[in-house]
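Inspection log for the structure reproduced underneath, given as structure tokens.
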Amino acid sequence: FDGGQRKAEVARTKAVAAQRFHEYGQLILDALGEVEAALLQEQEQKKYVINLESRLNLAMRTQKRVESRYKQGVADYQRVLSTLLSKQNLEQSLLTAKRKNLEYRIQLYRALGGQFMLPEPDKTESSL
């Protein structure tokens with residue numbers, strides 16, 4: 001006679017197992033959410049990069065036209081400087097956007113791979 005202790009222990013064990021099962025399910029859902037968010041961020045950033053590239057192409061053509069007009073004496077140099085500044089700003093924005101895209105790719109890899117832990121070095125080998 002154990003006063004119901006075995007039944008209580010079985011019930012406790014079942015409750016712990018159910019809790020761990022639900023925690024694992026939540027962990028899977030969180031991981032899928034992280035992957036989805038990283039994919040969406042990267043996809044949107046790619047669209048932004050493509051947009052910036054087309055704008056930069058247009059700015060480069062505009063700059064060439066303005067320089068040509070300046071050389072012909074039709075436009076002043078202020079206009080050339082303005083188009084050059086605009087082109088340089090777009091180049092800077094494009095580089096920043098590409099860097100951000102790489103950061104999103106790293107986030108995606110981290111979400112897919114989970115946490116990465118380096119093994120601790122063996123203390124006996126390091127003392128040699």
Side-chain angles (χ1 to χ4, degrees):
F1 178 74
D2 61 2
Q5 186 177 5
R6 281 185 285 174
K7 282 185 181 180
E9 183 61 27
V10 168
R12 187 192 69 78
T13 303
K14 285 182 180 180
V16 168
Q19 178 185 2
R20 289 187 180 155
F21 177 75
H22 291 295
E23 288 172 355
Y24 180 74
Q26 187 61 45
L27 183 70
I28 296 295
L29 288 175
D30 291 345
L32 288 173
E34 287 177 16
V35 169
E36 183 180 15
L39 283 170
L40 286 173
Q41 285 178 326
E42 185 180 7
Q43 185 179 30
E44 290 300 315
Q45 193 67 20
K46 280 182 183 179
K47 289 178 187 178
Y48 181 61
V49 166
I50 290 170
N51 182 316
L52 282 175
E53 286 172 342
S54 66
R55 289 173 55 195
L56 180 59
N57 252 347
L58 183 61
M60 291 169 78
R61 287 192 312 224
T62 302
Q63 182 189 7
K64 286 179 183 177
R65 284 191 199 124
V66 169
E67 284 178 353
S68 174
R69 289 175 53 116
Y70 172 73
K71 289 175 183 175
Q72 294 171 1
V74 179
D76 62 352
Y77 198 67
Q78 182 69 30
R79 179 91 167 121
V80 173
L81 291 176
S82 175
T83 57
L84 179 63
L85 183 61
S86 176
K87 184 187 87 149
Q88 289 174 343
N89 285 337
L90 282 170
E91 288 172 334
Q92 187 177 22
S93 295
L94 181 61
L95 289 174
T96 302
K98 285 183 177 182
R99 188 199 78 228
K100 192 74 167 169
N101 201 25
L102 289 173
E103 290 173 6
Y104 289 147
R105 175 59 57 105
I106 291 169
Q107 286 177 359
L108 173 63
Y109 288 156
R110 284 184 177 159
L112 287 171
Q115 291 187 357
F116 179 72
M117 304 288 273
L118 291 174
E120 292 188 27
D122 188 14
K123 292 184 181 180
T124 58
E125 291 179 16
S126 64
S127 62
L128 297 175

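Nothing here was measured: the structure is a model prediction, and the numbers come from that model. In what follows, every heavy atom counts, from backbone to side chain, and hydrogens, waters and symmetry copies are set aside.
Gln92 and Gln88 share no side-chain donor-acceptor pair at under 3.5 Å. In this structure, a donor-acceptor pair under 3.5 Å is absent between the side chains of Asn57 and Glu53. Side chain to side chain, Glu67 and Gln63 meet the donor-acceptor criterion of an N or O pair below 3.5 Å.
Within the model, atoms CG of Asn89 and CZ of Arg55 stand 10.0 Å from one another, a figure rounded to the nearest 0.5 Å. Atom OG1 in Thr62 sits 12.5 Å away from atom CG in Leu84 (nearest 0.5 Å). Of the inter-residue distances, the one linking Glu103 atom CD with Ile106 atom CD1 reads 7.0 Å to the nearest 0.5 angstrom. Here Gln107 contributes atom CD and Leu112 contributes atom CG; the two are 12.0 Å apart, rounded to the nearest 0.5 Å. Atoms OG and OH, on Ser82 and Tyr77 in that order, are 12.0 Å from each other to the nearest 0.5 Å. Expressed to the nearest 0.5 Å, how far OG of Ser86 lies from CG of Leu58 amounts to 9.0 Å.
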Quiz prompt | Worked verdict on Glu36 versus Gln41 for side-chain contact (heavy atoms from CB on, under 4.5 Å) | solution = CA-CA 9 Å; Glu36 183 180 15; Gln41 285 178 326; over 6 Å; no
Self-check item: Evaluation steps, side-chain contact (heavy atoms from CB on, under 4.5 Å), between Leu90 and Lys87
Solution: CA-CA 5 Å; Leu90 282 170; Lys87 184 187 87 149; 5.8 Å; no
Self-check item: Stepwise side-chain contact (heavy atoms from CB on, under 4.5 Å) test for Glu23 and Leu27
Solution: CA-CA 6 Å; Glu23 288 172 355; Leu27 183 70; over 6 Å; no
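Scanning all heavy atoms of the two residues, the minimum distance from Tyr70 to Val80 falls at CB-CG2, 3.6 Å. Pairing each heavy atom of Leu56 with each of Glu91, the nearest pair is CD1-CG, 3.5 Å.
A donor-acceptor pair under 3.5 Å is formed between the side chain of Gln45 and the backbone N or O of Ala97.
Connection of Tyr48 to Leu94 is established within a shared hydrophobic cluster, with ILVMFWY side chains joined at heavy-atom distances below 4.5 Å, either directly or through further cluster members. Linking Ile, Leu, Val, Met, Phe, Trp and Tyr residues whenever their side-chain heavy atoms come within less than 4.5 Å places Met60 and Leu52 in a single cluster.
Using a 4.0 Å cut-off between charged side-chain N and carboxylate O, Glu44 and Lys47 make a salt bridge. For the pair Glu9 and Arg12, the salt-bridge criterion is met [side-chain N within less than 4.0 Å of a carboxylate O].
For the pair Asn101 and Arg105, the minimum side-chain heavy-atom distance is 4.5 Å or more.
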